[in-house]
Amino acid sequence: MERLQKILAAAGVASRRKCEELIASGAVEVNGKVVRELGTKADPATDEITVKGKRIASEKKIYLMMNKPKGVITSASDPKGRKIVSDFLPGIKERVYPVGRLDYDTEGLLLLTNDGEFANLLTHPSHHVPKTYLATVKGVPHGSALERLQKGIKLEDGMTAPAEADYHDVDVDAGVATISITIYEGRNRQVRRMFDAIGHPVARLKRIKFGHLGLENMQRGKFRHLTLSEIKELRDAALSHNSHKK
Ligand code: URA
């Protein structure tokens, strides 16, 4: 929800001040009702907003991927003044939000869009879109521990769905291992909690794939627009239940 004058200005109707005048004059309707109060909030994605009877242009839909650095939060603002993802999106005027979150300490592939339907589609738990992470963990887990992750492991909020887990890099001398793990759910801090459950806490976590989309060699802190075929591929991954490994 956003203040009406801000929505109108963002849609290119006029300057913020001029939009306030339009509202006060009774020229603006929300869902068929005249709104004269300046503080009124509306949702440009779902409310029908008209100015002098003409519906305002809805915001152009944009789809981005970024390589989120660690130490950045995925919220729109932070009362503690920490860095937020929009700090890394110079030139993007649309208000985008993340498709599923990444923890403050997690880096890697983050999708961002202003298309709420697309975001819901990809994050809906029944759609099982695979997400792949590289988790650098303390100690070197035994094969049997990885098998527990693969089969499903008990967390406080229930069993996890089957996952894929494999060694990516092992440094026996340093006592650390990097495990590639693909999960089909998106519970809060899920990967960290799964490794906690096998006694190998995560020291570093990076998402390298979302559906078929890979981070490739995108530099940390950079972003780009998705191509039409990438957007379609992500939609298809959510809609086809073939992506669901059981
Ligand atoms: N799992 C986690 O533990 N953290 C993330 O940011 C994403 C998945």
Side-chain angles (χ1 to χ4, degrees), residues 64-78 80 82-89 96-113 119-139 141 145-146 148-169 176-216 218 220-223 234 237-238 243-245:
L64 311 173
M65 67 177 273
M66 78 175 284
N67 183 354
K68 178 184 112 51
K70 70 182 270 197
V72 176
I73 60 164
T74 49
S75 323
S77 64
D78 183 42
K80 293 189 201 150
R82 293 175 295 186
K83 281 192 192 146
I84 57 177
V85 285
S86 54
D87 294 340
F88 294 85
L89 306 174
V96 290
Y97 34 89
V99 178
R101 299 173 358 179
L102 281 183
D103 298 334
Y104 180 69
D105 283 334
T106 303
E107 56 188 302
L109 205 171
L110 181 68
L111 298 177
L112 299 135
T113 184
N120 289 338
L121 186 70
L122 286 172
T123 51
H124 196 281
S126 71
H127 291 152
H128 313 286
V129 178
K131 280 141 306 215
T132 303
Y133 297 83
L134 289 180
T136 303
V137 302
K138 295 208 178 106
L146 296 194
R148 289 176 67 205
L149 299 180
Q150 289 159 0
K151 288 196 178 127
I153 194 160
K154 195 161 175 243
L155 301 180
E156 348 78 55
D157 50 357
M159 293 294 288
T160 60
E164 279 134 51
D166 211 342
Y167 298 102
H168 178 79
D169 195 26
V176 293
T178 301
I179 309 295
S180 149
I181 180 161
T182 301
I183 59 170
Y184 295 81
E185 310 167 279
R187 300 193 219 165
N188 196 25
R189 297 182 74 81
Q190 180 166 346
V191 173
R192 292 175 195 276
R193 290 192 292 131
M194 287 170 79
F195 281 99
D196 282 342
I198 60 163
H200 292 278
V202 169
R204 182 179 171 208
L205 189 60
K206 181 177 185 179
R207 180 154 67 196
I208 56 166
K209 253 178 127 181
F210 196 119
H212 298 292
L213 186 70
L215 189 58
E216 309 304 340
M218 175 172 274
R220 198 172 284 153
K222 298 288 182 212
F223 79 97
L234 284 165
S243 63
H244 182 194
K245 282 258 167 88

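Quick note: residue numbers are just sequence positions, from 1. Side chains are part of it too, since the values below use all heavy atoms of this structure and drop only hydrogens, waters and symmetry mates. In each ligand, atom 1 is the first atom listed, and ligand 1 is the first ligand listed.
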Chemist: Quick one: does Arg193 get an N or O within less than 3.5 Å of an N or O on ligand 1?
Modeler: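 There is no such contact.
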Chemist: Give the residue, atom name and distance (to 0.1 Å) of the protein heavy atom nearest atom 1 (N) of ligand 1.
Modeler: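 Going by distance alone, atom 1 (N) of ligand 1 is nearest to Val191 N, 3.1 Å.
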Chemist: Salt bridge check: are Arg82 and Asp78 linked by an N-O gap of less than 4.0 Å?
Modeler: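 Salt bridge flag = yes for Asp78 with Arg82.
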Chemist: Heavy-atom contacts with Leu102 under 4.0 Å: which atoms of ligand 1 show up? List them by number with element.
Modeler: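 Atoms satisfying the 4.0 Å criterion: 6 (O).
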Chemist: May I ask you to test the Val99-Phe210 pair for a side-chain heavy-atom distance under 4.5 Å?
Modeler: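 Yes - at least one pair of side-chain heavy atoms lies under 4.5 Å apart.
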Chemist: Testing the basics here: between Leu149 and Met194, what is the closest heavy-atom pair and its distance to 0.1 Å?
Modeler: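 Closest approach of Leu149 to Met194: CD2-O, 3.6 Å.
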Chemist: Could you report the tightest heavy-atom contact between Thr74 and Pro98, atom names first, then the distance?
Modeler: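 It is O-CG, 3.2 Å.
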Chemist: For ligand 1, which atoms, with element, lie under 4.0 Å from some heavy atom of Thr106?
Modeler: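 Checking each atom against Thr106, I get 4 (N), 5 (C), 6 (O).
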Chemist: Consider only side-chain N and O atoms of Arg204 and Thr178, and report whether a donor and an acceptor are under 3.5 Å apart.
Modeler: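 Side chains of Arg204 and Thr178: no pair found under 3.5 Å.
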Chemist: Using a strict threshold of under 4.0 Å (side-chain N to carboxylate O), is an ion pair present between Arg193 and Asp157?
Modeler: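 A salt bridge links Asp157 with Arg193.
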Chemist: Which atoms from ligand 1 have a heavy atom of Tyr133 less than 4.0 Å away?
Modeler: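 The list of qualifying atoms is 7 (C), 8 (C).
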Chemist: Judged on heavy-atom distance to atom 6 (O) of ligand 1, which of Asp196, Ile183, Asp103 sits nearest?
Modeler: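 The residue whose heavy atom sits nearest atom 6 (O) of ligand 1 is Asp103.
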Chemist: Heavy-atom distances under 4.0 Å decide this one: backbone, side chain, both or neither, for Leu205 against ligand 1?
Modeler: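 The answer is the side chain.
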